[in-house]
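Inspection log for the structure reproduced underneath, given as structure tokens.
Both backbone and side-chain heavy atoms feed into the values below; hydrogens, waters and symmetry mates do not.
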Amino acid sequence: MTRRTGRRPGNPDTREAILDAARAAFAERGFDAASIRGIAATAGVDPALVHHYFGSKDQLFLTAMNFPVDPGQMVPRVLAGDRDGVGERLVRTFLGIWDSPAGSAGVALLRSAVSNEWTARLLREFITTQVLRRVLDQLDVDPAELPLRGSLVATQLIGLAMIRHVVRMEPVASADPETLVAAIGPTIQRYVTGPLPTGT
């Protein structure tokens, strides 16, 4: 047998070097522009090693974000049903994650994003590319409108997370989730499928 050269695949230093390089790449260049090859070069490893640890670029991004939920499992729940119910299902799914024990990682990320531009960029990329774009791409929406619609939806979801879990403003902080779904869902639905205001 030929002995492998270089670092062993199980070396935690290698894994952390890849994650550090990935966080920097995603924050500086965004998810779409960052490449596995570029991240590997920055970390000083072969691109195959990145795939060995993390599989795909999506999985590398989720690990770099330390987010507890895979959007690939969340988004189908939002899309499972008629188009007019997307807003309510999005709020319900969102609350199901943030109100659970797994949501504590999201709260920590949100707190950090408020004061750290680097984390804010990562959070922005996560929300845009991993959640909202996956939802809006499946709906019959004008591609030119996707950035504005996605940003408007984000104002509601991030605002909800801030008020409920960071600021803890009552009565939203302790409200029954279905009350919030009924109150916020229609607004998000309007942002997703309703007419947008025309510029002046």
Exercise for the section: Determine the minimum heavy-atom distance between Pro143 and Pro147, stating which atoms define it. Expected result: O-CD, 3.8 Å

Exercise for the section: Could you tell me whether Arg121 and Glu125 have a side-chain N and a carboxylate O separated by less than 4.0 Å? Expected result: no

Practice task
Please tell me if the side chains of Ile18 and Arg15 come closer than 4.5 Å, counting only heavy atoms from C-beta onward.
Solution key: no

Fill in the blank from the handout: For Asp82 and Arg89 the tightest heavy-atom approach is O-NH2, 2.8 Å

Completion exercise
Note: Tyr191 and Leu196 closest approach over all heavy atoms is O-CD2, 4.5 Å

Exercise for the section: Look only at the side chain of Ser112 and the backbone of Leu109, and say whether a donor-acceptor pair between them is shorter than 3.5 Å. Expected result: no

Handout entry: Test side-chain contact (heavy atoms from CB on, under 4.5 Å) applied to Val166 and Arg111, step by step
Key = CA-CA 7 Å; Val166 178; Arg111 288 180 185 276; 3.8 Å; yes

Problem - Sidechain-backbone polar pair: Arg23 side chain, Ala64 backbone, donor-acceptor under 3.5 Å - result: yes

Practice task
Side-chain contact test, heavy atoms from C-beta onward, threshold under 4.5 Å: evaluate it for Leu139 versus Leu79 and give yes or no.
Solution key: yes

Exercise for the section: State the CG-CD1 distance between Leu49 and Ile36, to the nearest 0.5 angstrom. Expected result: 11.0 Å

Problem - Arg83 and Asp140, any side-chain heavy atoms less than 4.5 Å apart - result: yes

Fill in the blank from the handout: CG (Leu122) and CD1 (Ile127) are apart, to the nearest 0.5 Å, by 11.0 Å

Exercise for the section: Kindly compute the distance separating CZ (Phe54) from CG (Leu19), expressed to the nearest 0.5 Å. Expected result: 3.5 Å

Problem - Pair Arg133-Asp32, side-chain contact (heavy atoms from CB on, under 4.5 Å): steps then yes or no - result: CA-CA 12 Å; Arg133 189 164 70 187; Asp32 292 330; 2.9 Å; yes

Practice task
State whether the side chain of Ser100 and the backbone N or O of Ile97 hold a donor-acceptor pair below 3.5 Å, judged by distance alone.
Solution key: yes

Practice task
May I ask you to test the Asp58-Leu62 pair for a side-chain heavy-atom distance under 4.5 Å?
Solution key: no

Completion exercise
Closest non-hydrogen atoms of Thr128 and Arg124, given as atom of the first, atom of the second and distance, are OG1-O, 2.8 Å

Problem - Heavy-atom check, side chain of Leu95 versus side chain of Leu160, under 4.5 Å - result: yes

Problem - Nearest non-hydrogen partners of Asp99 and Pro177, listed with the distance - result: OD2-CG, 4.0 Å

Practice task
Measure the shortest side-chain to side-chain distance between Val167 and Val172 over non-hydrogen atoms and say whether it is less than 4.5 angstrom.
Solution key: no

Fill in the blank from the handout: Smallest heavy-atom separation, Ala173 atom then Arg168 atom, equals CB-C, 3.6 Å

Handout entry: SB check Arg149 Asp142 (cutoff 4.0 Å)
Key = no

Problem - Spatial distance of atom CD1 (Ile184) from atom OG1 (Thr179) [nearest 0.5 Å] - result: 10.5 Å

Problem - Side-chain H-bond candidate by donor/acceptor type, Gln130 with Arg134, under 3.5 Å - result: yes

Handout entry: pair Phe94-Val78: side-chain heavy atoms closer than 4.5 Å
Key = no

Problem - Pair Thr193-Gln189, side-chain donor/acceptor within less than 3.5 Å - result: yes

Exercise for the section: Supply the atom-to-atom distance Leu132 CG to Leu146 CG, rounded to the nearest 0.5 angstrom. Expected result: 10.0 Å

Handout entry: Distance, nearest 0.5 Å, that separates OG1 of Thr119 from CZ of Phe126
Key = 14.0 Å

Exercise for the section: For residues Lys57 and Ile39, determine if any side-chain heavy atom of one lies less than 4.5 Å from a side-chain heavy atom of the other. Expected result: no

Handout entry: Heavy-atom donor-acceptor pair, Glu170 side chain to Ser174 backbone, under 3.5 Å
Key = yes

Exercise for the section: Start with the C-alpha gap between Val114 and Met162, add the side-chain angles, then the distance that decides, and say whether side-chain contact (heavy atoms from CB on, under 4.5 Å) holds. Expected result: CA-CA 10 Å; Val114 170; Met162 284 290 297; 4.2 Å; yes

Practice task
Check the pair Leu110 / His165 against side-chain contact (heavy atoms from CB on, under 4.5 Å), numbers first and verdict last.
Solution key: CA-CA 10 Å; Leu110 188 58; His165 292 287; over 6 Å; no

